Number of protein chains: 2
Amino acid sequence: MRPRNIEKEESIRAVALKIIQEEGLENLSMQKLAKAANVSPRTIYIKYENKEDLLIKLFIDEVLGAYEAAVLENFDENMEFSAGVKRLWQNSFRYFRHNRQAFTLMQYGKSSPLLNKAFRERDIQEGQFFAPIHRFLARHASAGTIQHFPFQVHRALLFAPLFDLINEYIEHSDRPAQPITDELLLDCCQTVISGMLIKTNKHQ
Amino acid sequence: MRPRNIEKEESIRAVALKIIQEEGLENLSMQKLAKAANVSPRTIYIKYENKEDLLIKLFIDEVLGAYEAAVLENFDENMEFSAGVKRLWQNSFRYFRHNRQAFTLMQYGKSSPLLNKAFRERDIQEGQFFAPIHRFLARHASAGTIQHFPFQVHRALLFAPLFDLINEYIEHSDRPAQPITDELLLDCCQTVISGMLIKTNKHQ
DNA sequence: AATTAGTAAATGAACGTTTACTTACTAAAA
DNA sequence: TTTTAGTAAGTAAACGTTCATTTACTAATT
């Protein structure tokens, strides 16, 4: 039996991410991908059922899975609130700054119906994907450190600004001035945290 | 001279938005649109140069322009900070709750290279589009009510969570339980505001 | 050690369909 | 009669996908 060439499989994935970043998801075609990855179109169909399958696997494995691993590095659900959130911000920024392709596809996940479907198909709830963060927030809400909110609301308040800022960073990365610095990001993180904290020592 | 039929033009736009919301931007084709709008494909090309032109005009006129008008209703750049931000949140939520098609296309604007291009092509900077908000924030930063940040950073901190929450609202709108209520939104808005405010009467 | 059978990997060329867009024409008003 | 709006029926090119075949290797048999 002929052994499969792992390089080809990796090339397909890498080139797909590259095309999506450079030309957009809507300009990724199987034939263009095959040519750019130096592979026959048919080869892609040996490794993936169809285009949808390829995109979903790319999204889950290369983007969601890889991001989950990166964001939880040195994070512990028992951390103090402020330290924990800062760690998550740091990890996210560090990951996406060096993996812009992943960030681009992640953004598509918010608009494309296909990628939205990916969550449900694989039965991956955000609660499962980011379970430690989920528990971290639930614990601090119970302890009275922060307000009680549904998880999605906590996520919106704590991390939506971060993604906007990363997007801004990436858009400015090939321009002369970069407004988004590590220091600024830390300031922003502190701002977000201080809004969330319940101030027990304050009148009213 | 034969007068143009305004109904057809409106039908084209309305049906395009509808298809984008129901099937996604990537599934909008000129032929499908023509058939659904009960119009010949050529008719679309009388009114729009090409598909790109159609999408950009849809995006600018029906989404950005309409949103700008809605968000600034009863907003005055001289308002007190907290009241101003709350008004902007309220207006945004009210607008998108009743114009989900606009929200869907707006989300595509964050990933699609084509729609990103739309801003630059028409020379519409966000500063122009939302000039009163820009001045509102600059004034409060100068007055020391809030921290000094670039506009994009203010926007990320104040409004990125809102868009996430609206997205959550829309995704749950045809399910039994709706976690996002007006009251919750006001709570979130207050949280965001209190993070931004500089507390002059506080130790450290 | 040499030969052969079997198998999955990989391919180039093509399939039928859909794409964005046009051509050649008619309808309707100035 | 001139001008424009609108259409039905196209176009070539690109699309996702498949066919028939070859390649590269393993394992069994000589």
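Just so you know, these numbers come straight off a predicted model, no measurement behind them. Letters A, B, ... are given to chains in the order of the sequence lines, protein chains preceding strands, and every chain is numbered from 1.
Computed from coordinates, the A:I44 CD1 to D:dC15 P distance equals 12 Å when rounded to whole Å. With rounding to whole Å, A:Y48 atom OH is found 12 Å from C:dA10 atom P. As rounded to whole Å, 12 Å separates atom C1' of C:dT26 from atom CD1 of B:I46. Rounded to whole Å, the distance from NZ on A:K8 to P on C:dA9 is 13 Å. The CD atom of A:E52 sits 9 Å away from the P atom of D:dT17 (whole-angstrom rounding). In this structure, A:I6 places its CD1 atom 13 Å from C1' of C:dA9, rounding to the nearest Å. At whole-Å resolution of the value, CD1 in B:I12 and C1' in D:dG6 are 10 Å apart.
Taking the six-membered ring for Trp and the full ring otherwise, the centers of A:Y95 and A:F103 sit at least 6.0 Å from each other.
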Check your understanding: Does the side chain to side chain donor-acceptor pair (under 3.5 Å) test come out yes or no for B:Y67 and B:S92, once each step is laid out?
Key -> CA-CA 8 Å; B:Y67 173 59; B:S92 296; 2.7 Å; yes
Check your understanding: Do A:S173 and A:R100 pass the side chain to side chain donor-acceptor pair (under 3.5 Å) test, and can you show the C-alpha distance, the side-chain angles, and the key distance before you say yes or no?
Key -> CA-CA 10 Å; A:S173 62; A:R100 299 183 191 185; 2.6 Å; yes
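Contacts between residues 19-39 of chain B and DNA chain C, counted as heavy-atom distances below 4.0 Å, involve B:L28, B:S29, B:M30, B:Q31.
Annotation for B:K32: atom NZ counts as buried by contact number, over 12 foreign heavy atoms lying within 6.0 Å. The environment of A:D61 atom CG is dense: over 12 non-hydrogen atoms of other residues, nucleotides or ligands sit within 6.0 angstrom.
Between the side chain of B:S40 and the base of D:dG6 there is no donor-acceptor pair of N/O atoms closer than 3.5 Å.
Ion pair B:R155/A:E168 flagged as a salt bridge, since at least one NZ, NE, NH1 or NH2 atom sits closer than 4.0 Å to an Asp/Glu carboxylate oxygen.
Nucleotides of DNA chain C nearest to B:R42 and B:Y45 differ in position, and the one nearer the 5' end is that of B:Y45.
Checking D:dT17, D:dC19, C:dT22 against every side-chain atom of A:K51, the shortest atom distance belongs to D:dT17.
A cation-pi contact, defined as under 6.0 Å to the ring centre and within 45° of the axis, links A:K110 to A:F163.
For D:dG6, the OP1/OP2 oxygens have a side-chain nitrogen or oxygen of B:K47 closer than 4.0 Å.
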